[in-house]
Amino acid sequence: MANYLTEEPGNESIRSRNDTEAYYTGYETHQTVINLMKAAQMADHDNREKARESHLFVDKRDGQWEPYWWNNNAGKPRYTFDMVNPIVDQVTAEIEQSEFDIKVSPQSGPASKETAMVLDGLIRNIESMSRAKDIYIKAGRGMATCGYDGWMVSHKYADAESFDQDLVIEAVPNFIDRVWFDPAAYLQDKSDAQYAFLLHPVSKAEYIARWPEGSQASVPDDREGDAYYDKAEVIVVGQLFHVKRKPIELVLMSNGAVYEATKEFESVLDELAQAGLTEVRRRTAHKNVVMSRFYDATDWLEEEEETIFDRIPIVPVYGNFKITENKTIYWGVVEKLLDPQRV
């Protein structure tokens with residue numbers, strides 16, 4: 001089986017997973033998943049609150065004033081001399097002027113430079129169709145502001161009247177309130193995460209149309225309060241992604257090629273033999289398959305579905321990423337500027 005190494009913009013190289021079993025498999029019980037999500041939110045709550053404060057500081061009107069001082073100076077001049085946004089603009093300007101390109105290189109097995117070039121072209125096409133540069137730039141600005149942002153990869157039909165399917169890079173607006181990863185994952189791109197949660201705010205009409213038997217109860221989003229009040233009323237639905245270990249049988253051929261023993265492979269064994277290729281040996285292995293399932297605060301909304309991915313298809317980007325005391329920490333440029341600006 002060919003192995004290729006991809007290098008993504010702003011991330012370290014993604015390395016293939018090892019063959020160890022997943023540490024946790026109890027994703028069938030709704031309450032267990034709710035508890036897992038709350039634990040993931042709690043593990044990152046302090047980081048998220050600082051990230052939200054940084055976003056409000058630069059984005060909300062009068063956000064640089066602390067509520068206490070704003071309220072106690074009613075009737076007096078309350079001016080803001082913004083010295084933070086220009087710094088954020090300066091950092092993100094370099095990101096906006098950069099050219100992003102995912103490189104594919106052959107690593108092992110029957111991987112070849114020619115095939116790597118084909119994959120390279122396919123990835124460029126996916127990025128072009130997805131307008132990925134705009135997504136990278138927006139995620140870069142979010143990372144510079146608060147230290148955390150990202151995007152996801154989806155698998156969709158090319159259009160409503162087609163059976164052709166495409167991979168698409170999609171933005172995840174409001175990433176800091178919508179995405180939580182397995183707290184035990186330690187790689188910066190979270191490619192080692194065993195599970196992740198993606199929250200979807202949907203209108204009541206859309207909820208009823210998709211899940212007419214649902215309770216319409218929103219899952220918790222970890223926010224301690226709302227900064228904005230004039231906004232749409234939504235129901236927050238959760239989507240669980242988790243990695244499942246699936247047993248497969250591998251076949252080693254006389255030319256060194258390795259194949260998965262699928263029905264398609266078994267059907268061409270005679271043809272391979274006529275070409276002088278014989279089976280050397282077989283072994284049982286496991287491969288990762290990412291499963292997806294929607295839920296609300298009280299129950300599952302859909303049955304579990306198998307995706308085409310072998311790792312969680314959500315890509316985070318971090319500023320000042322560190323692992324300290326087995327905890328992921330991060331921050332953007334704004335957090336260290338809060339006190340000087342307020343003074």
Side-chain angles (χ1 to χ4, degrees), residues 24-49 51-53 55-56 59-60 138 142 146 148-157 160 168 170-183 190 193-244 290-309 312-316:
Y24 185 79
T25 56
Y27 303 103
E28 296 82 7
T29 306
H30 175 267
Q31 187 57 51
T32 301
V33 169
I34 290 290
N35 292 341
L36 269 180
M37 183 186 69
K38 289 181 178 179
Q41 292 173 335
M42 185 179 299
D44 205 36
H45 178 75
D46 53 347
N47 286 324
R48 298 298 175 95
E49 283 299 295
R52 293 177 183 119
E53 183 181 11
H55 261 300
L56 291 174
D59 295 331
K60 192 175 187 297
K138 289 178 181 177
C146 72
Y148 183 64
D149 213 298
W151 59 86
M152 70 179 298
V153 181
S154 298
H155 183 227
K156 295 184 174 182
Y157 286 104
V168 182
E170 290 189 317
V172 181
N174 195 24
F175 202 87
I176 59 175
D177 289 335
R178 294 182 57 194
V179 178
W180 279 267
F181 287 96
D182 171 6
K190 298 301 179 184
Q194 294 297 315
Y195 57 87
F197 303 95
L198 173 62
L199 305 189
H200 299 271
V202 300
S203 68
K204 184 176 181 179
E206 180 183 351
Y207 181 100
I208 294 174
R210 292 184 62 180
W211 306 291
E213 303 298 324
S215 66
Q216 301 181 31
S218 292
V219 299
D221 61 5
D222 185 55
R223 293 190 66 92
E224 291 186 348
D226 292 328
Y228 300 95
Y229 299 99
D230 298 325
K231 54 187 179 180
E233 293 186 8
V234 296
I235 299 171
V236 181
V237 172
Q239 183 178 11
L240 165 69
F241 292 98
H242 72 89
V243 178
K244 184 177 182 179
V290 173
M291 311 299 291
S292 170
R293 196 171 190 182
F294 286 89
Y295 61 97
D296 64 12
T298 62
D299 207 349
W300 299 113
L301 296 174
E302 296 179 3
E303 292 298 321
E304 187 173 71
E305 291 186 358
E306 181 176 322
T307 72
I308 65 167
F309 303 105
I312 307 298
I314 305 175
V315 182

With a cut-off of 3.5 Å and sequence neighbours excluded, list every side-chain donor-acceptor pair involving residues 197-207.
unit_1: His200; atom_1: NE2; unit_2: Gln239; atom_2: OE1; d: 2.8
unit_1: Ser203; atom_1: OG; unit_2: Glu206; atom_2: N; d: 3.1
unit_1: Tyr207; atom_1: OH; unit_2: Ser215; atom_2: N; d: 3.2
unit_1: Tyr207; atom_1: OH; unit_2: Gln216; atom_2: N; d: 3.0
unit_1: Tyr207; atom_1: OH; unit_2: Asp296; atom_2: OD2; d: 2.6

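Considering only residues two or more places apart in sequence or on other chains, Glu304 meets the salt bridge (Lys or Arg N to Asp or Glu O under 4.0 Å) condition with none of them. A search for ring-ring contact (aromatic ring centres under 6.0 Å, His included) contacts involving His45 returns nothing, not counting sequence neighbours. For Glu305, there are no side chain to side chain donor-acceptor pair (under 3.5 Å) partners, not counting sequence neighbours. Taking His30 as the reference, nothing meets the side chain to side chain donor-acceptor pair (under 3.5 Å) condition, with sequence neighbours excluded. Under the rule for a side chain to side chain donor-acceptor pair (under 3.5 Å), the partners of Asp44 that lie at least two apart in sequence or sit in another chain are Asn47, Arg48, Tyr330.
Between Phe241 and Tyr195, the distance from one ring center to the other does not fall under 6.0 angstrom.
The closest side-chain heavy-atom distance from Trp211 to Phe294 is below 4.5 Å. In this structure the side chain of Ile314 never reaches within 4.5 angstrom of the side chain of Lys190, judged on heavy atoms.
Checked against Arg52 for a salt bridge (charged side-chain N to carboxylate O under 4.0 Å, His left out), the options Asp226, Asp46, Asp221, Asp177 give a single hit: Asp177.
Classification of Lys138 and Asp149 as a salt-bridged pair fails, no side-chain N sitting under 4.0 Å from a carboxylate O. A salt bridge links Arg210 with Glu302: the closest approach of a Lys/Arg side-chain nitrogen to an acidic carboxylate oxygen falls below 4.0 angstrom.
Between Trp300 and Tyr295, the ring-plane angle classifies as perpendicular under the 30° and 60° cut-offs.
Thr307 places a side-chain N or O within 3.5 Å of a backbone atom of Phe309 that can act as its donor or acceptor partner.
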